[in-house]
**Q** 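The structure under discussion is supplied below as structure tokens; questions concerning it will follow.
On a predicted model such as this, the values are computed, not experimentally measured, just so you know. Whatever order the structure lists them in is the order used to number ligands and atoms, beginning at 1.
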Amino acid sequence: MAQDPPVSDLTDDQAALELQRLALVLSQANQAYHRDDSPSIDDASYDQLKRRNAQIEQRFPHLKRSDSPSDQVGAKPKEGFGKIRHRQPMLSLANAFEVQEVEDFVARLKKFLNLAPQSHMRMTAEPKIDGLSLSIRYEKGQLIHAVTRGDGETGEEVTANALTIADIPKTLSGAPDVLEVRGEVYMTHADFAALNATQEQAGQKPFSNPRNAAAGSLRQLDAQVTKARPLLFFAYAWGDLSEPLAPSQSEAVARLQALGFSTNPLFITCDTPEELVSHYGAVELARSDLGYDIDGMVYKVDDLALQARLGFRATTPRWAIAHKFPAELAWTELLGIDIQVGRTGALSPVARLNPVTVGGVVVSNATLHNEDYIAGRDSKGDSIRGGKDIRVGDWVQIYRAGDVIPKIADVDLSRRPVDSAPFDFAEKLKQEGIEGKRAPGDAVWRYCGDEPLADLAIEALKHFVSRQAFDIEGLGAKQIEQFYHRGWIRTPVDIFTLKSRFGPGQLQQLCNLDGWGEKSAQKLFDGIDAKRSIELHRLIFALGIRHVGEGAAKLLANRFVTWEALSEAMQSAAPGSAAAAALVEIEGVGEVMAQSVVEPFQDPERFAALQLLLAQLQVSPAPQIDSSTSPVAGKTVVFTGTLTQMTRAEAKARAETLGAKVSGSVSAKTDILVAGAGAGSKAKKATQLGIETLDEEGWIALIEGL
Ligand code: IVH
């Protein structure tokens with residue numbers, strides 16, 4: 001192999017010949033390995049041959065063979081899946097449960113786009129498939145890779161597995177040069193039942209529902225296993241594209257179908273919310289006969305130019321919504337009520353249930369929210385469940401909507417034990433020895449003891465290592481519990497000092513633990529080291545600040561760009577200060593969230609802990625749109641007066657997408673003032689300060705084509 005000429009020196013003929021030879025050698029090696037269980041060459045040589053094959057294919061894509069070894073399943077099972085970053089993030093959808101929410105959604109879109117409320121805006125409606133999403137990349141008509149959703153930004157490469165799915169074309173003709181097709185991998189009810197029967201015969205655990213079966217089947221390290229599983233795929237969206245597929249969602253989906261993908265037959269276009277809701281009703285009636293699971297309908301704006309104007313929030317598109325079907329229900333007995341200490345100190349009651357199957361999933365816990373909820377009141381004191389309270393020993397009706405945590409819908413008073421008593425929250429806390437208080441106006445009891453409670457710390461650590469946060473390989477919820485109870489990890493910074501604190505004795509102890517050995521310990525330390533450099537939004541989310549979810553963490557990261565800038569601003573954010581105003585100006589950040597973001601930076605103890613943690617980390621700044629692609633990147637823009645071609649909300653969202661900061665008031669820091677009709681004092685002030693002022697036309701000309 002050492003004598004192989006560099007790929008760049010090969011002529012077309014030589015390359016074709018070598019690809020032929022490699023196809024033969026690798027196919028023999030595959031057979032020897034898989035079929036005969038007696039490898040003909042060692043792993044390193046196998047990998048080297050495959051790499052050489054891929055290099056030649058990359059340089060001579062037109063010579064790639066239809067039996068190319070790159071596309072062959074039955075490659076040796078890998079130790080784990082490779083990770084691939086999505087060029088376009090894979091987003092989730094906002095949910096609607098009621099018809100009113102659907103009407104509000106459509107009305108909101110029209111308002112954003114400045115369309116008349118009575119006007120027709122064409123929408124698409126299609127089932128929401130209950131499977132797992134997959135992104136498949138094609139270049140010049142060849143399937144290049146297939147990647148799971150993962151955390152939306154980075155997913156696992158499951159190309160070999162995807163190639164075994166009959167519904168997924170391996171080559172396309174007439175497609176854009178670059179096309180990422182997105183859709184849902186799923187399993188039919190019939191195939192699910194058959195698979196479970198086989199599993200049970202083989203003495204293996206059955207899957208709890210078709211979705212889990214599909215996920216378990218796609219994420220097999222050995223693609224041969226996936227091949228034996230009956231997976232299907234519906235295409236409904238796309239990611240990276242070298243050219244638009246079509247001018248509208250419906251035509252784009254039709255084009256995907258023409259390219260050979262399965263698309264859902266219940267896809268239609270509608271002109272009014274009434275039509276959407278009527279299709280929802282029709283599909284709901286047909287639901288049990290479809291033969292596969294769906295959990296609602298998805299509505300999308302049809303016109304892709306309007307979709308582009310509407311854009312995205314942090315994790316969801318503005319132009320689409322999922323209208324969920326009502327939750328499934330089941331009755332069971334409430335065995336007890338426990339108090340859980342959340343990572344922000346909230347004391348949450350949890351129902352312990354006699355396990356019951358709801359919508360294919362066994363449920364043994366349900367959330368009870370807070371004291372009032374148990375008593376049958378909402379936060380305003382109005383009655384819920386007809387005012388029925390919840391008592392230990394009651395028969396309760398459980399419901400689940402999609403992935404939502406199970407809740408209690410109703411109580412059967414006719415089956416209530418005669419000796420039951422109302423649940424006394426304060427008394428329960430006393431029994432458990434938990435110090436808590438409930439402030440006036442707060443629905444929630446909060447922990448107020450001095451001792452850091454183990455549960456609290458463990459919850460915070462679990463959150464810290466969760467998938468959207470640090471996502472440390474080898475350090476999941478189970479390991480956090482183990483390490484916490486041994487005193488090895490008590491706070492986030494302990495994770496990063498673990499290795500240096502570990503003497504040979506502790507290492508030995510770790511290796512002796514169930515499921516641990518030298519190899520896995522090394523893997524853990526490598527996993528931790530890999531996350532010493534972390535993206536700003538993940539760090540912010542990991543801190544577990546009250547009210548700051550994944551979306552808000554991204555908003556904050558985008559606004560402040562670096563940890564230093566965020567930290568400095570939060571330390572100086574006195575109420576009414578510029579820093580506090582800057583926080584609230586971010587669309588999606590309100591006063592309440594702003595207050596809790598400031599807290600860890602202004603509380604001396606929490607701030608000291610932050611400093612210790614940060615000393616172990618390298619925080620990469622939020623990626624910024626740079627000024628070579630956007631003339632407004634990094635600039636502070638103020639809109640004033642009446643805009644005629646777009647609403648203020650659209651103008652603001654668009655400016656932010658292009659990397660600008662939008663502020664409500666003019667100051668020396670303002671870079672551009674966009675003055676619509678009737679602009680008054682702000683325009684005057686901008687002129688005085690010598691700030692560049694544009695009219696609406698000027699602004700549109702500036703950002704046109706971006
Ligand atoms: S559109 C940018 N359409 O639902 C929006 N999603 O809750 C892209 N899903 O992650 C999604 N059926 O896995 C879309 N017909 C459908 C869908 C669908 C199922 C899944 C998808 C997505 C999740 C969001």
**Q** What I want to check is whether the side chains of T647 and E650 have a donor and an acceptor closer together than 3.5 Å.
**A**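 Side-chain D/A pair, T647 to E650: absent.
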
**Q** I want to know whether F234 and F267 have ring centres closer than 6.0 Å.
**A**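 Between F234 and F267, the centre distance exceeds or equals 6.0 Å.
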
**Q** Starting from atom 21 (C) of ligand 1, find the nearest protein heavy-atom neighbour and note its residue, name and distance.
**A**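 For this ligand atom, the closest protein heavy atom is Y236 OH, 3.0 Å.
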
**Q** Side-chain donor-acceptor pair under 3.5 Å between T269 and D302, yes or no?
**A**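 No donor-acceptor contact under 3.5 Å links the two side chains.
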
**Q** For ligand 1, is G131 a contact, meaning one of its heavy atoms is under 4.0 Å away?
**A**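 It does not, in that no heavy atom of G131 comes within the 4.0 Å cut-off of ligand 1.
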
**Q** Identify, for atom 10 (O) of ligand 1, the protein heavy atom at the shortest distance, and state residue, atom and that distance.
**A**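 Protein heavy atom with the smallest distance to atom 10 (O) of ligand 1: L91 O, 3.5 Å.
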
**Q** In the complex you have, is atom 8 (C) of ligand 1 within reach of the protein, judged by whether a heavy-atom distance drops under 4.0 Å?
**A**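 So far as the 4.0 Å threshold goes, atom 8 (C) of ligand 1 is out of reach of every protein heavy atom.
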
**Q** Quick one: do R219 and E156 make a salt bridge, cutoff under 4.0 Å?
**A**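 Salt bridge present between R219 and E156.
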
**Q** Where does P317 meet ligand 1, judged by heavy-atom distances below 4.0 Å: at the side chain, the backbone, both, or neither?
**A**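 It is the side chain that gets close, since no backbone atom is under 4.0 Å.
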
**Q** Nearest protein heavy atom to atom 24 (C) of ligand 1, by residue and atom, and its distance?
**A**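 Nearest neighbour among protein heavy atoms for atom 24 (C) of ligand 1, to 0.1 Å: L93 N, 3.5 Å.
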
**Q** Taking the side chain as every heavy atom from C-beta outward, state whether F105 and R108 have any atom pair closer than 4.5 Å.
**A**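 F105 vs R108: side chains touch.
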
**Q** Nearest protein heavy atom to atom 13 (O) of ligand 1, by residue and atom, and its distance?
**A**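 For this ligand atom, the closest protein heavy atom is E184 OE1, 2.9 Å.
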
**Q** When you look for heavy atoms under 4.0 Å from ligand 1, do you find them on the side chain of K128, its backbone, both, or neither?
**A**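 Both backbone and side chain of K128 come within 4.0 Å of ligand 1.
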
**Q** Measure the distance from atom 12 (N) of ligand 1 to every protein heavy atom, then report the residue, atom name and distance (to 0.1 Å) of the closest one.
**A**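 So the nearest neighbour among protein heavy atoms is I129 N, 3.0 Å.
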
**Q** For ligand 1, which part of P127 has a heavy atom less than 4.0 Å away: the side chain, the backbone, both, or neither?
**A**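 It is the backbone that gets close, since no side chain atom is under 4.0 Å.
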
**Q** Looking at ligand 1, is there an atom of it that comes within less than 4.0 Å of some heavy atom belonging to K300?
**A**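 Yes, K300 has heavy atoms under 4.0 Å from ligand 1.
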
**Q** Do you see a donor-acceptor pair shorter than 3.5 Å between the side chains of Q88 and E180?
**A**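 Checked: Q88/E180 side chains show no N/O donor-acceptor pair below 3.5 Å.
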
**Q** Which distance, rounded to the nearest 0.5 Å, do you find between the NE2 of H537 and the CG of L539?
**A**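 The distance works out to 10.5 Å.
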
**Q** Should the pair Y280 and H323 be assigned to parallel (<30°), tilted (30 to 60°) or perpendicular (>60°) ring geometry?
**A**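 Ring orientation, 0 to 90° scale: parallel.
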
**Q** Enumerate the atoms of ligand 1 whose separation from the nearest heavy atom of S133 is less than 4.0 angstrom.
**A**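 Answer for ligand 1: 10 (O), 13 (O).
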
